[in-house]
Amino acid sequence: MNQGYKFLVFEIFTAVFLMQTCGKMFDFHLLEDYRNATTQEEICRRLGYDGFAVLSTPEAFKYALRLSSHYRSGVRSGIYIGAHYQKQYNLSLWDDGTDPRSDTPFYSYPPDAKPGRPVARIDTQGKLTMGGDSTERPAICGNHNDYSTESVGTTMPAELETTSRAILSVSKLFSHLECAVFCGLTYECRLAEFNYDLLTCTLVGEYTPSATVYNPPVITFVRQAFDP
Ligand SMILES: *[C@@H]1O[C@H](CO)[C@@H](O)[C@H](O)[C@H]1NC(C)=O
Ligand SMILES: *[C@@H]1O[C@H](CO)[C@@H](O)[C@H](O)[C@H]1NC(C)=O
C-alpha cells in the first residue's frame with residue numbers, strides 16, 4: 001500500500017542546525033610524495049595535523065577515496081591512513097582511539113592485529129588493510145577530534161525492522177533532521193529513528209534489515225554505507 005512513497009536523498013550540513021559545533025568539512029590533506037609512514041606522519045604533524053586521517057565513518061572514508069583516487073595505484077600502491085596496531089590492547093584502532101566497526105571495509109574483522117603490521121592503508125581496491133610502515137607511499141593527514149559535520153543518507157517515513165541491531169542511545173530531539181545530524185556526528189551510528197509522537201531519536205549501530213513497516217510514527221534516517 002505504501003509503495004508510492006518517495007525516498008528523499010539529502011545531505012545535511014550540521015552547521016545549519018547545530019551552530020555551536022559548526023566546523024568545517026573534512027580537513028584532510030593528501031601528501032602526494034612517496035615516503036615511509038614514520039616520515040609521512042612527521043610531515044603531517046609539522047603541517048599542523050594530528051597525524052594521519054581517521055576514516056571511522058562512511059563519510060570520511062568516501063571523502064578519502066575521492067581525495068586519493070589518482071594515487072592509490074602504482075608501483076608502491078596504497079596510501080597511509082590513521083589506524084595503528086596498539087600493542088597494549090593487541091588491537092588495531094583508529095588513531096582517535098575508536099574501534100573500527102564491523103562494516104568498515106577492512107579485509108577482516110577485527111582488522112589484523114600484529115606488531116609486524118603497524119599501520120593502515122587504503123589499497124588499490126579501495127579497501128583497508130593493516131601493513132608495514134617502511135614502504136614509501138603517499139598519505140592522508142587529518143585531525144583526530146575533528147568530526148565531520150556532514151551526514152549523508154536517505155530518509156523514509158517508515159521503520160526498518162531488523163534481525164539484529166545495537167541501540168546506541170535514545171534522546172529527546174525536536175525534528176528528524178536533528179536526529180539525522182546526531183547520527184552523522186556519532187561514528188558508530190548507521191540508522192536513526194525519529195518518533196514524532198514521542199520526540200525521541202534512537203541511534204542504531206550496524207544492523208541487518210529484514211522488513212520495512214510504514215505504520216508507526218517514525219521517520220528513519222539510513223546513513224550511507226561504506227561501500228560505493
Ligand atoms: C593478538 O590478537 C590476535 C587476534 O587478533 C591473536 O592471534 C594474537 O595471538 C594476539 N597476540 C597477543 C600477543 O596476544
Ligand atoms: C623512514 O625514512 C626515514 C628517512 O629516510 C628513515 O630515517 C627511517 O629509518 C625510515 N623508517 C622506516 C620505518 O622505514
Side-chain angles (χ1 to χ4, degrees), residues 26-58 60-65 67-147 163-168 186-190 204-208 223 225-227:
F26 295 103
D27 183 10
F28 288 174
H29 180 78
L30 180 69
L31 298 178
E32 297 171 18
D33 290 340
Y34 283 69
R35 302 182 194 95
N36 69 34
T38 324
T39 309
Q40 294 290 45
E41 212 166 6
E42 275 168 26
I43 291 173
C44 288
R45 297 209 176 97
R46 221 180 296 151
L47 291 171
Y49 293 92
D50 293 335
F52 291 150
V54 167
L55 310 183
S56 58
T57 65
F61 174 69
K62 290 196 165 178
Y63 182 71
L65 280 188
L67 192 66
S68 64
S69 58
H70 297 305
Y71 300 91
R72 287 198 307 271
S73 55
V75 187
R76 290 154 295 178
S77 62
I79 184 155
Y80 288 122
I81 54 158
H84 283 87
Y85 172 67
Q86 300 292 339
K87 195 172 167 216
Q88 69 270 39
Y89 308 118
N90 190 33
L91 287 173
S92 291
L93 299 176
W94 293 114
D95 291 345
D96 63 358
T98 57
D99 56 321
R101 310 304 301 176
S102 64
D103 55 351
T104 318
F106 278 98
Y107 284 97
S108 58
Y109 178 78
D112 279 345
K114 293 178 185 152
R117 305 183 135 243
V119 63
R121 64 176 189 265
I122 314 182
D123 72 4
T124 48
Q125 311 299 312
K127 295 197 75 172
L128 305 180
T129 187
M130 298 303 297
D133 56 4
S134 59
T135 303
E136 296 182 335
R137 309 176 195 280
I140 305 177
C141 306
N143 289 318
H144 297 161
N145 293 311
D146 179 20
Y147 292 108
T163 49
S164 68
R165 59 157 62 188
I167 305 280
L168 304 173
T186 307
Y187 82 101
E188 311 102 306
C189 183
R190 297 293 176 265
V204 178
E206 300 103 293
Y207 63 94
T208 310
R223 192 180 203 170
F226 275 100
D227 26 288

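If you read the sequence from its start, that first residue is 1, and numbering goes on from there. In listed order, ligands and their atoms are each counted from 1.
Looking only at atom types and distance, the side chain of D27 has a donor-acceptor partner in the side chain of Y49 under 3.5 Å away. Of the N and O atoms on the side chains of D96 and Y187, not one donor lies less than 3.5 Å from an acceptor on the other residue.
Of the residues listed (L93, N90, D133), the one engaging Y85 in a side-chain contact (heavy atoms from CB on, under 4.5 Å) is N90, and it is the only one.
Between D103 and R101 there is no salt bridge, since no side-chain nitrogen of the basic residue lies less than 4.0 Å from a carboxylate oxygen of the acidic one.
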Report every pair formed by an N or O atom of ligand 1 and a protein N or O atom separated by less than 3.5 Å, giving atom names and the distance to 0.1 Å.
| from | atom 1 | to | atom 2 | distance (Å) |
| --- | --- | --- | --- | --- |
| ligand 1 | 2 (O) | N90 | ND2 | 2.4 |
| ligand 1 | 11 (N) | N90 | ND2 | 2.8 |
| ligand 1 | 14 (O) | N90 | ND2 | 3.1 |

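For the pair S134 and ligand 2, the shortest N or O to N or O distance does not fall below 3.5 Å. Checked by distance only, ligand 2 and T39 come closer than 3.5 Å through their nitrogen or oxygen atoms.
The closest side-chain heavy-atom distance from F52 to V119 is below 4.5 Å. At least one side-chain heavy atom of L31 sits less than 4.5 Å from a side-chain heavy atom of L47.
For the ring-ring contact (aromatic ring centres under 6.0 Å, His included) test, no residue two or more places apart in sequence or in another chain qualifies with Y71.
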